[in-house]
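Below is one structure, written out as structure tokens; comments come after it.
Chain identifiers are assigned alphabetically (A, B, ...) following the order of the sequence lines, protein sequences preceding nucleic acid strands; residue numbering begins at 1 within each chain.
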Amino acid sequence: MTSRPIDLGDFEEAPPPQKPGGLSARALAGAEAPYLKGLNPEQRAAVETTDGPLLVLAGAGTGKTRVLTTRLAHILNTGKAWPGQILCVTFTNKAAREMRERIGHLIGGVVEGMTWLGTFHAIGVKILRSHAELAGLKSGFSILDTDDQIRLLKQIIEAAGIDEKRWPARQLAGLIDNWKNRGLLPARVPAGEAHAYGNGRGAELYAEYQARLRVVNAVDFGDLLLEVLHIFQDHPDVLKEYQRRFKYMLVDEYQDTNVAQYLWLRLLAQGHKNICCVGDDDQSIYGWRGAEVDNILRFEKDFPGAKVIRLERNYRSTPQILGAASGLIAKNESRLGKTLRSERDDGDMITLRSHWDGDEEARAVGEDIEQLQRKGEKLNDMAILVRASFQMRAFEDRFITLGVPYRVVGGPRFYERQEVRDALAYLKITASPDNDLAFERIINVPKRGIGDTSVKRMHEHARKNGYSLYRAAEVVSQTDELPAKARTALRTLLESFGRWRQALQGLPHTELAEIILDESGYTTMWQNDKSPEAQGRLENLKELVRSMGEFETMEGFLEHIALVMDTESNASEDKVNIMTLHSAKGLEFGTVFLPGWEEGLFPHQRSLDENGRAGLEEERRLAYVGITRAKRRATISFAQNRRVHNLWQSSLPSRFIDELPEAHVEVAPMANSYGGYGIGSYGTSRFEERTTPFSNTYDTPGWQRAQRAYAKGEAMRSSPNIIEGQLVARETEGKNIARGARVFHQKFGYGRVSHVDGNKLTIDFDKAGEKRVLDSFVELA
DNA sequence: CTGGAGGATCTTTTT
DNA sequence: GATCCTCCAG
């Protein structure tokens with residue numbers, strides 16, 4: 001196999017000449033470069049230790065980004081490398097963007113030359129594009145998003161004769177993702193794991209999926225890492241060139257790297273060995289995505305001679321907040337251990353509040369926010385950080401009623417909306433017709449009478465002849481295999497695409513996009529749609545075309561959105577932020593609300609079920625991330641009842657609440673609207689005992705329950721067993737409540753079971769009518 | 001082939 | 001509660 005030579009451009013071996021009279025000269029002369037001012041000694045050491053492997057353990061709020069950007073500026077200014085010789089990887093686009101901006105502030109336009117600053121995935125694409133043929137791809141390959149991936153997998157599963165009901169495509173997607181994150185090709189998947197899907201056909205389907213991806217000349221997110229890794233492993237000449245190129249490497253959020261990323265970093269770092277990783281083991285919250293905290297824990301072993309610098313001065317939070325967070329995270333066992341010291345004045349203790357239900361929780365937060373606003377605080381400086389996105393709704397509803405402006409960060413994404421994806425499919429096919437998934441998506445949208453049977457026929461053609469669906473459509477449209485109506489429709493569509501493709505050269509791409517959406521009838525389809533959301537969809541289409549304008553070409557635009565699934569939200573308006581704990585990482589707010597600290601929700605049940613103690617520790621880190629976002633104020637709350645799906649569940653306060661050091665927490669006496677259910681009205685809940693000192697040991701009900709569950713070797717599958725504040729003895733043995741059984745429920749009284757669905761029962765209550773409840777809430781009458 | 005009705009399933013987090 | 005899917009009647 002041959003590999004295209006890497007374009008080395010200006011980046012030859014010789015070090016760049018000194019810039020005359022620039023900062024570099026001054027720095028070399030021993031004068032203080034202005035950007036070094038104001039760094040504390042540790043930060044400064046992290047900036048100036050440029051050569052050799054370096055791990056910077058940067059606790060929350062210790063100025064991590066500042067160190068990273070200053071370090072980059074320093075390397076550039078002292079003439080140690082050209083911008084194009086520095087590899088700088090981040091995890092999120094947001095981080096990459098911010099980094100670029102801040103470096104720009106420090107050193108100006110030189111940042112433009114930093115072509116290798118970006119997310120792992122963005123850099124992966126770049127490398128893969130120049131060596132596509134080594135991975136069996138053509139350079140113009142397309143990048144599938146999760147949605148496409150699932151649809152492709154569904155086809156494969158169906159073709160393999162596997163019941164998709166029993167073996168959901170999602171599950172297979174998860175497994176494949178997991179394998180890719182660990183750098184495993186189909187042949188290397190451990191036999192045991194391959195067995196986890198479709199009666200042992202997991203690896204086979206994975207192989208088939210990879211083959212299909214090659215046929216349609218596409219990759220998924222995982223491939224962007226996996227394929228690059230394998231190119232490096234199998235082609236030493238290519239690896240060598242990149243090793244030579246990257247004189248300095250910087251990695252942000254190192255604790256979030258997965259095995260594949262770690263392996264490729266390690267390969268590259270064997271060149272100049274100047275790798276600097278910045279991270280915080282206490283903020284590793286992406287284990288579910290394959291991140292290995294272990295990578296950071298064993299950095300010193302992996303990179304011999306590595307220096308480690310700890311940043312422990314926190315400039316963000318008050319001692320109270322930091323104290324609470326530190327106390328909590330200290331419960332984790334697998335960590336390197338840091339002691340954060342606050343550089344700020346003492347503030348208020350963390351407030352802890354109990355609520356009757358989620359709505360009341362939202363009401364209370366709303367009141368707090370209005371009060372703070374009256375005191376002159378900015379909404380922008382407040383955030384509500386939730387564990388799971390379904391929690392957001394209660395707050396949104398409340399804010400709408402109150403008229404409090406809010407923004408949902410990382411909510412339903414623009415590029416994932418149906419109409420946007422449809423529109424993009426049209427554009428993608430115009431740019432590259434062989435994108436089968438895109439073609440299939442819109443071949444009958446808007447409806448043109450080309451139904452499933454017709455599409456199936458084209459598929460057969462495509463598969464038999466080994467060409468794309470689009471090509472098959474061209475062939476079939478010239479035969480009489482399809483009903484006349486479908487054939488004409490198909491011909492018209494193909495002709496349109498031909499015409500649009502022609503126009504790709506001549507017309508400005510935004511104009512072309514409008515023409516495509518018009519002529520295809522797509523816009524008209526929504527104009528004729530009377531549903532309430534149609535208007536919004538049309539606006540989204542407009543917004544899509546508008547955002548295209550920021551790119552030079554259609555191709556550039558399409559490449560961008562494949563990797564950047566979010567749109568920059570304008571942070572300028574004054575709005576309360578609502579987001580998940582995950583997307584809050586790296587941000588800070590004056591006031592932070594942390595609702596929903598309940599067993600089962602936070603820590604999340606699935607995390608415990610699937611990953612046991614490691615899962616619990618990751619949840620705890622998530623809690624730590626949440627608290628440390630706050631600068632001055634943090635309020636933690638939990639509800640005693642929460643509606644999940646359509647059924648009410650009572651819940652226990654999170655075990656994390658027990659773990660907060662008593663000295664930094666104050667329990668809010670909450671006179672709530674459902675008098676009688678406030679603190680103290682229910683006997684057995686631990687929350688009431690809160691008037692006595694907190695216990696800092698693992699002996700609270702929540703913890704004990706966990707212990708019992710683990711001891712039995714069984715995950716805690718069912719929900720906590722409290723009914724209106726009363727701990728109910730749990731009958732763990734199967735209840736075996738059958739249809740027709742007469743049962744008793746604490747809240748709804750007597751009734752008869754009309755339907756059984758696993759542990760969910762539909763019961764016709766004598767007084768309360770029909771309700772759906774979990775079996776653990778009823779007893780046989 | 002289309003459209004509507006009814007049913008099942010889901011909700012952790014994301015490049 | 002919402003969305004996605006399947007099934008059935010036109």
In terms of side-chain heavy atoms of [X], which of [options] is nearest?
| X | options | value |
| --- | --- | --- |
| A:Phe390 | C:dG1, B:dT15, B:dT11 | B:dT11 |
| A:Thr453 | B:dT11, B:dT15, B:dC1 | B:dC1 |
| A:Arg393 | C:dG1, B:dT13, B:dT15 | C:dG1 |

Query raised in the report: Hey, is A:Trp288 doing a stacking thing with B:dT13, by the 5.5 Å centroid and 30° angle criteria?
Result: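 So yes, this residue stacks on that base, both cut-offs being met.
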
Requested in this report: Name the orientation class of the two ring planes belonging to A:Phe551 and A:His560 (parallel below 30°, tilted from 30 to 60°, perpendicular beyond 60°).
Outcome: tilted

Query raised in the report: A:Tyr406 and A:Phe395: aromatic ring centres closer than 6.0 Å?
Result: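 No.
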
Over how many whole Å does the gap from [X] atom [atom1] to [N] atom [atom2] extend?
| X | N | atom1 | atom2 | value |
| --- | --- | --- | --- | --- |
| A:Arg170 | C:dC4 | CZ | P | 11 Å |
| A:Lys126 | B:dT15 | NZ | C1' | 18 Å |
| A:Gln171 | B:dC10 | CD | P | 11 Å |
| A:Asp609 | B:dT13 | CG | P | 16 Å |
| A:Gln149 | B:dT14 | CD | C1' | 12 Å |
| A:Ile285 | B:dT14 | CD1 | P | 9 Å |
| A:Leu225 | B:dT14 | CG | P | 18 Å |
| A:Asn528 | B:dG3 | CG | P | 12 Å |

Query raised in the report: A:Tyr286 near the nucleic acid: base, sugar-phosphate alone, or nothing, with a heavy-atom cut-off under 4.0 Å?
Result: sugar-phosphate

Query raised in the report: Can you name the residues that form a ring pair (Phe, Tyr, Trp, His ring centres under 6.0 Å) with A:His582, not counting sequence neighbours?
Result: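 Once residues adjacent in sequence are excluded, the partners of A:His582 under the ring pair (Phe, Tyr, Trp, His ring centres under 6.0 Å) criterion are A:Tyr286, A:Trp288.
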
Report task. Could you pull out all residues at least two apart from A:Phe120 that satisfy ring pair (Phe, Tyr, Trp, His ring centres under 6.0 Å)? Result ->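 A:Phe120 satisfies ring pair (Phe, Tyr, Trp, His ring centres under 6.0 Å) with A:Phe91, A:Trp264 only.
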
For [N], does either OP1 or OP2 sit under 4.0 Å from a side-chain N or O belonging to [X]?
| X | N | value |
| --- | --- | --- |
| A:Asn444 | B:dT2 | yes |
| A:Ser454 | B:dC1 | yes |
| A:Lys154 | C:dC5 | yes |
| A:Thr119 | B:dT14 | no |

Query - 5'-most by nearest nucleotide on DNA chain B - A:His604 or A:Lys447 - result: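 Residue closer to the 5' terminus by nearest nucleotide: A:Lys447.
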
Query raised in the report: 5'-most contact on DNA chain B: A:Arg448 or A:Ala388, nearest heavy atom basis?
Result: A:Arg448

Report task. Sticking with atom P, work out how far B:dT13 lies from C:dC4, rounded to a whole angstrom. Result ->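 Between the two P atoms, the distance is 16 Å.
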
Requested in this report: Search all heavy atoms of A:Trp597 against all heavy atoms of A:Ile627 and return the closest pair with its distance.
Outcome: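 Smallest heavy-atom distance, with atoms named: CH2-CD1, 4.0 Å.
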
